[in-house]
Each structure stands twice: as structure tokens, then as C-alpha cells.
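Take a look at the structure set out below.
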Number of protein chains: 2
Amino acid sequence: MALYVMKFGGSSVGDTERMKRVARRVVEKQDEGHQVVVVVSAMGDTTDDLIDQARLLNEEPPLREMDMLMTNGEQISIALLSIAIHALGKNAVSFTGWQAGFRTEPVHGKARIIDIQPERVQQALDAGNIVVVAGFQGMTEDGEITTFGRGGSDTTAVALAAAISADFCEIYTDVDGIYSTDPRIVKNARKLSEISYDEMLELANLGAAVLHPRAVEYAKHNQVCLVVRSSFNHNEGTVVKEEVNMEQGVVVSGIAYDKNVARISILGVSHVPGVLAKVFGSLANAKIDVDIIVQSGVQDGKADFSFTVGLSDREKALSVINNIRGEVPFEDITSEDGLVKVSIVGAGMVSHPGVAAQMFDVISKQEVNIKMVSTSEIKCSCVIEGSKLNEVVKALHTAYGLDTKDQVFVGGPEDRR
Amino acid sequence: MALYVMKFGGSSVGDTERMKRVARRVVEKQDEGHQVVVVVSAMGDTTDDLIDQARLLNEEPPLREMDMLMTNGEQISIALLSIAIHALGKNAVSFTGWQAGFRTEPVHGKARIIDIQPERVQQALDAGNIVVVAGFQGMTEDGEITTFGRGGSDTTAVALAAAISADFCEIYTDVDGIYSTDPRIVKNARKLSEISYDEMLELANLGAAVLHPRAVEYAKHNQVCLVVRSSFNHNEGTVVKEEVNMEQGVVVSGIAYDKNVARISILGVSHVPGVLAKVFGSLANAKIDVDIIVQSGVQDGKADFSFTVGLSDREKALSVINNIRGEVPFEDITSEDGLVKVSIVGAGMVSHPGVAAQMFDVISKQEVNIKMVSTSEIKCSCVIEGSKLNEVVKALHTAYGLDTKDQVFVGGPEDRR
């Protein structure tokens, strides 16, 4: 007998028939002799519908009240799933985030979990129930309802798995695992049987659509064994864990890409101490996430530098920079979209020099210009012209021997709730 | 400055425009210098929609999970109303039943309130907020979410008004007060400016659609000053309180009727001790509410008796009685529908003998047969042929001088959520 946490996203419980299928899947697991906790998201478009209703009343609804509003999406899901499980003759008990013991910091819209007191979950399990827990939500010490923000339900599942020492945390989704790259681009993309937390983190951060990076970090920190698999079939998924049995010669596990990239370049900046801190401090204050930062050499006491932000932050970033022109004098500012960031990821890269050089070589052979580069111990990213995405990903997939091996990846962020 | 509890039902917050209207109404009250707590029901058909979804999954959904499901209706309303109030530049804080301190007995679907700990409501009021509380819901000592059943939001409003010592508890609805009878039947029906709790209780129990009897009882017990008024205009409503300034000569305040009546007659029952207890005990065990009970005189050791139940309980009641035929022998059992119960209500009746006799006289003058009679200190009810309803109500309304005085009533139960 093992203890499983099974997490199903919004599309897996999108309508009554899908809800019934999830109920059967969960009951199947219990029938195999296991204890089961299920974490569910809001059904299909429920959250978006609630947000739309709020915006009809108020263009800037207060965050506290939005949390009060949005948590209903998950609470409706857990009740309905529990009702569907009862229809199969099994006992199920649903718990909201606060009932399941999720305590968070006093922040609305993106609260972090500070503690989980899973006694009620444990007691309900011990009494033979399938326990159904609302994802994405918790409560502050003062009894205020909070939500976790994007990737919240994945985080709920992983955190709860850690708190109750579950043997496995299965993330059910609409793909059946982690692929070596996007199968929509590379026909030969292969499903990986295993991947390390760090590789998954790089892939998740780079725009992979299956697991939210926050959940992967939580899993890594608590050594929770994650399994990514399909809610539509019984194929074995991809196991995400600390130690991966690396095949001989496998250096790059997967190829990821991210289309949500805008580049901003500031030209002729006076090179005095504190300039970078001023620029990026201002962007951080405006809550703009900056990804890659590249600075050119200094000439005549002036430097050019470029950085990338998400497409939706492009205009805001330009205006933030223009607003500090008095304190940080520069000659010109330009921006560019229509770009894509392509990355190779692999835990083996750290011990294999020349992997990045090989990437630049492959890209240049496609006669594609590399606009920016960023590297870490287990990944190398290049920003290129968006129109060249497919040919570059295909070439890299072949060059690193992924067409024939059992390896990583996943689509763009547009699939992700 | 006074402290108001304002309660709005589902139809008052049925869509975005109505929600905005309620927000304006509430802000208006605060602008007049008062403190305001608002209690709201689920929007329009939300609760029914949730129930429908549950039934698609399970024909007999467990009550605990139905409570988990249905409470979302009110929680969505409070968040949206609070968001709409913020749009008007005022601070509002929404609270679920458990956050507002409603503690209930551990029963699902129709829990009774055992205690209210309104500290959070009081603190939020003291901080200058409009406080928006979810009707119909509470929490048990063990942290289980419960609902109050029919009339639950009225009860929430009255109970909270008592707990925070509110000066007024205003029930906003789709009629602008309590009328001397149903205006759809009697054109001259008049709105009452005042009515006593006891009269309102009789009217509520007799099928009045405006206030749930449970809420009126709670108000009477806690001496909460209730005001029934329209959410669609600013007309003064009807005040329900203990002491009413009775006009000279006003004996009957209003005429009520109830179409939800089926009569069951058991004929030739052996008249031995315990027979009535057995019959009505069995009906009570089957959760069938019996209203009027009439027993004829005993002849040859045998008696006939009749009682009324709601139309939907008719078949069930017949089968319960047939099942105990072994223990309670009788000759025959018959049932009848197409009936209506007409009642006159008035606190003045207790000191005016002959009021009931006058009622029988008025009805007989319409050549209508009285099938059953039931009386209390402040009301007298007659069951008659349903087809005679309108003429009897009109005749009574005129006979008791209500056509020209400022007096009571309200429609059938079909308007009531």
C-alpha cells in the first residue's frame, strides 16, 4: 500500500463527463490498495468567468475580495468530485484549503505557504476516505482566505504530498509526460522516463507548460517524487526526482523555447557605478521580471546593454526607463519583439565542456543570428529571430542525439493555466 | 448614527446591474451616517445550477458535500458585492458564514445556529468598512461547513442583527412590505405600516412569501426590529416588532392563503388509546409535516379523522398510513387535493370573541363549504374548495374592514426561495 497525491488540472475536470472520469481514475487507485488524496483546480473556465464578472463591477477589484471570489472555483470542484466519487460507492470527503490546514503569509493573490497542518486530511484518510483537497488556496493566521497565484494547484499537491509524506505526487495533465522537445515542432520528440528536479526547473522556467517552477522547487526542497502523466490515458509518465539514471553520453536532455520575449536595448549609457542597480531596481519596483541581461564592453566611458522581458511588460519597461533618464543619462533606447528564446537543458552539461559552443555552431549553420546568450550550469539559452524557431529546434534536437534517445520537453506557455 | 443590517435576496443580486444597484443602496445608507452590515443570498439561479450539476453526477449526493457545494453561491455574491462597493470608492470587507462567527450544530442541509461570535464583523465595522456577510451558512465546532436550509439568509440577517445589537434589520425583497392580503386577488389590498411578530409568524407559516417563519421567530425571541421593504424603490416598508399601535377596532390585520394543501381522511379507526400517537408518530418519523388535524366524534368505538399535509407529501403519507394498518386497523382511507387554506390573522382576535363565527358566516354566505377548521389565539383557518379562493378572500377582506384600513398580507409560497 502506498500513499498517493493525485493532482488534476482545470481541463481534466472541465465538465461532468470529465469529472466522472477523474472519479473513476481515483477510485481505481484506491481499489489497487492505495490511500489517495486528490487535489483539483477549478473546472475549465470557472476562474476566468469569475474574474470577468468582477471586472464588470470594478476595473481594479481589491485583491482580498478577488481571493474570496476565486477560491469558489476550486471549492465547487472538490464538492462535485467528492459527490461523483460517492456515486461510485466510495467514501470521499472534500476540504477547502483552510480545512486541509494550509497556512499562508498575509498576502492576497500570490501568498506563499508558511505551514501545513494536515491533521484533518490524515484523519479522513485513516477513516478510509478518499480525500479531495482544493488547490490554489489557504488561510492566514487571522482567518483571511488567500490564493497562491499561478501554478497554485501544482504547489498545493506537492506541498501536501510533503506534509503527509506521500510516496508519490502524480500530476495529471493533457500530455503524457515530459518530452525531449515540443512534439508539434519535432516529430521525433521522445517522452523521457526520468528527469532531475534541476533539469525540470530549467525547462519549467524556460516556458514548459506542464509543471509550474514553484511546484518543482517545492518538490526538490522536500524530495517529493513527482510523476507527470496524462489524465486521458494510462501511459507511464515521466518521473521527476533527484537522482536520474543517466544514459551514457546523454549530455542534453531537452530543447525548450519561449516565445514570450521582448528585447530592450539602452544605448550609450554613461558608465558610472550604480547605473545597473538603478535601472534594474526601477524595473523590479514596477514588478517587471527581467530575464537575460547582456552588457557590451565600455567605450569612451559609455556602454550599451540589453535585457529581455515578457511581451506584455514591454511598454511598461520602456516607460520606466524613460522616467529615470534624468538619473541615468543614455543616448537612445530601442525595443524588439518577434523573438524567441531557445534553450538546451541537461544535468550532464556541467561535466561536458563545449556543449554551448556546439549550440552556437548548430545555430550559425542554420544561418541564424544569435542576438543574446545566457548560460547556467545545466542550460544554455539563445535569443533568435522568432521565424527561425522550428528549424533551429529541429537542428539542435538532431545534433544532441535526441532524435533516437529517450529524453525531454514540452510546449510553449500558452497551454498553461 | 444607527447600526443597520440590510438583507438582499437572490433576485435583488440576480445580475451585474442589480448587484450595482444594491451596492449604491448600501453606500447611500452609509452616507446617511450609519454603520452597515449587508447579508446576501446567492445570485439568482446559482444555487439551483449547482444542485443540477451535483445531480448529474449523483442522484443522491451526500449532504455534507452539498453544503460544501452550495455555500459557494453566497460566497461568490459577497465577494462580488464587496467588489462593487469598492468601485463606488468605499471600503467593504466580505465574510463567509464561518468568518462572521456563525457556529452551528453538526447537521448538514438544515443546521441550527448555536452561537455567533461576531468579533471580526465588529472590528471591520469599527474600522469604517461596510461588512458583507454570506447568508445561509455557518461552521460546526469541528470546522465543517453547514447550511441553514430554507429561509437561511433571513435567519442569518436576524441572528447577526441580534448578535451585534443592530438597531434595524431591513429585509429587502421584491414587494414593498406586508399587505392586508394578496394584491393579485384583492385590488384594495393595503400595505401595513406595522405588524406584530406573532401576526407575522402566523402569516409566514400560512404561506406568506416575504419572511421565513424561522427568521421571524428568531427576531421575536431577540426583539430585533425588522423592516420589510423593496429593493427596487425607496418606499417605506412594513415594520415588524413586538408592540404595534393598534388602530381602534382593528381586529383582523390580514387574510392569508395557502394552496399547498392535501387532505387525508382515515375512516372507521378503532378508538383505542395510542392510536393518534401511532399515526402521527409514524408521519413524523417519515418527516411529513402535518398541519390541521380534525377528529370527529366517536361512534360504536370507532372514529374518523382527517389531517392536511403539503401536496408533495400526499402519496408518502398514504403509504405510511397503509403500512401501519396492522397496528391501527381502520375501514378506509381517502385523500383530496384541489383545496386551499384561507386564514384571518390578527393580534386583536384574542380579545374579540365571535371573530371566527363571523368568518364562517362570511364563507357560508358565498355558498362555500368549510371542510376543516383550525384556530389559535390570533388566527382562524378554514380549508375550502380551491376554486372558491378569490371570492372568499375578497369577501373576508371587505367583511373585516380591510378595504379601507392600513393593514396585512402577501402571496403564496411559490415566490419564495
Side-chain angles (χ1 to χ4, degrees), chain A residues 15-17 19-20 23 42-43 46 49-89 91-96 98-101 119-120 123 132 134 139 142-145, chain B residues 15-17 19-20 23 42-43 46 49-89 91-96 98-101 119-120 123 132 134 139 142-145:
Chain A
D15 58 35
T16 309
E17 285 314 306
M19 191 69 90
K20 285 181 180 171
M43 294 170 73
T46 313
D49 291 347
L50 291 172
I51 293 173
D52 289 347
Q53 278 189 285
R55 295 213 189 277
L56 282 175
L57 296 166
N58 190 334
E59 283 173 25
E60 288 186 46
L63 291 176
R64 178 193 185 275
E65 300 304 325
M66 285 305 284
D67 277 358
M68 288 293 279
L69 181 66
M70 291 198 296
T71 44
N72 291 288
E74 280 73 20
Q75 195 180 328
I76 289 171
S77 280
I78 57 172
L80 290 175
L81 180 56
S82 177
I83 284 166
I85 294 170
H86 277 267
L88 300 174
N91 286 327
V93 174
S94 67
F95 290 127
T96 60
W98 60 268
Q99 287 179 325
E119 290 75 18
R120 290 177 75 176
Q123 282 160 16
V132 186
M139 185 176 77
D142 295 333
E144 293 281 277
I145 292 174
Chain B
D15 58 36
T16 310
E17 285 314 307
M19 192 68 89
K20 285 181 181 172
M43 293 171 74
T46 311
D49 291 345
L50 290 174
I51 292 173
D52 289 346
Q53 279 190 283
R55 293 212 190 280
L56 282 176
L57 295 167
N58 190 334
E59 282 172 25
E60 289 186 46
L63 291 176
R64 178 193 185 275
E65 301 304 324
M66 285 306 283
D67 279 358
M68 288 292 280
L69 182 66
M70 290 197 298
T71 44
N72 291 289
E74 281 73 19
Q75 195 180 328
I76 290 171
S77 281
I78 56 171
L80 289 176
L81 180 56
S82 177
I83 285 166
I85 294 170
H86 276 267
L88 300 173
N91 286 327
V93 174
S94 68
F95 290 127
T96 60
W98 61 267
Q99 287 178 324
E119 290 75 18
R120 289 178 75 176
Q123 282 162 15
V132 186
M139 185 176 77
D142 296 332
E144 293 281 279
I145 292 174

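Remember, it's a predicted structure, so these values are computed and weren't measured experimentally. Note: hydrogens, waters and symmetry copies are ignored here, and every other heavy atom, side chains too, is used.
Looking at B:Q53, the atoms closer than 4.5 Å to chain A (heavy atoms on both sides) sit in the backbone and in the side chain alike. For chain A, the nearby part of B:A92 is the backbone; its heavy atoms alone come within less than 4.5 Å.
Of the inter-residue distances, the one linking B:M139 atom CE with A:W98 atom CH2 reads 5.0 Å to the nearest 0.5 angstrom.
In terms of non-hydrogen atom pairs under 4.5 Å with chain A, the most contact-rich of B:V132, B:I145, B:L88, B:L81 is B:I145. Listed options B:V93, B:L50, B:T96 were ranked by heavy-atom pairs under 4.5 angstrom with chain A; first place goes to B:V93. Of the listed residues (A:A54, A:G143, A:A84), the one with the most heavy-atom contacts under 4.5 Å to chain B is A:G143. If you tally non-hydrogen atom pairs under 4.5 Å between each of B:K20, B:R120, B:E17, B:E59 and chain A, the highest count goes to B:R120.
Judged as a salt bridge (Lys or Arg N to Asp or Glu O under 4.0 Å), and not counting sequence neighbours, A:E60 has no contacts.
Across every non-hydrogen atom of B:I83 and A:N58, the tightest pair is O-ND2, 2.9 Å. Nearest heavy-atom pair across A:L57 and B:L80 is CD1-O, 3.4 Å.
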Distance-only check: which donor-acceptor pairs under 3.5 Å involve side-chain atoms of residues 62-71 of chain A, not counting sequence neighbours?
{"unit_1": "A:R64", "atom_1": "NE", "unit_2": "A:E144", "atom_2": "OE1", "d": "2.5"}
{"unit_1": "A:R64", "atom_1": "NH1", "unit_2": "B:S94", "atom_2": "O", "d": "2.9"}
{"unit_1": "A:R64", "atom_1": "NH2", "unit_2": "A:E144", "atom_2": "OE2", "d": "3.0"}
{"unit_1": "A:R64", "atom_1": "NH2", "unit_2": "B:S94", "atom_2": "O", "d": "2.9"}
{"unit_1": "A:E65", "atom_1": "OE1", "unit_2": "B:S82", "atom_2": "OG", "d": "3.3"}
{"unit_1": "A:E65", "atom_1": "OE1", "unit_2": "B:S94", "atom_2": "OG", "d": "2.5"}
{"unit_1": "A:E65", "atom_1": "OE2", "unit_2": "B:S82", "atom_2": "OG", "d": "3.3"}
{"unit_1": "A:E65", "atom_1": "OE2", "unit_2": "B:S94", "atom_2": "N", "d": "3.2"}
{"unit_1": "A:D67", "atom_1": "OD1", "unit_2": "A:G109", "atom_2": "N", "d": "3.4"}
{"unit_1": "A:D67", "atom_1": "OD1", "unit_2": "A:T147", "atom_2": "OG1", "d": "2.7"}
{"unit_1": "A:D67", "atom_1": "OD2", "unit_2": "A:H108", "atom_2": "ND1", "d": "2.9"}
{"unit_1": "A:D67", "atom_1": "OD2", "unit_2": "A:G109", "atom_2": "N", "d": "3.0"}
{"unit_1": "A:D67", "atom_1": "OD2", "unit_2": "A:T147", "atom_2": "N", "d": "3.2"}
{"unit_1": "A:T71", "atom_1": "OG1", "unit_2": "A:D67", "atom_2": "O", "d": "2.8"}
{"unit_1": "A:T71", "atom_1": "OG1", "unit_2": "A:M68", "atom_2": "O", "d": "3.3"}
{"unit_1": "A:T71", "atom_1": "OG1", "unit_2": "B:Q75", "atom_2": "NE2", "d": "3.4"}

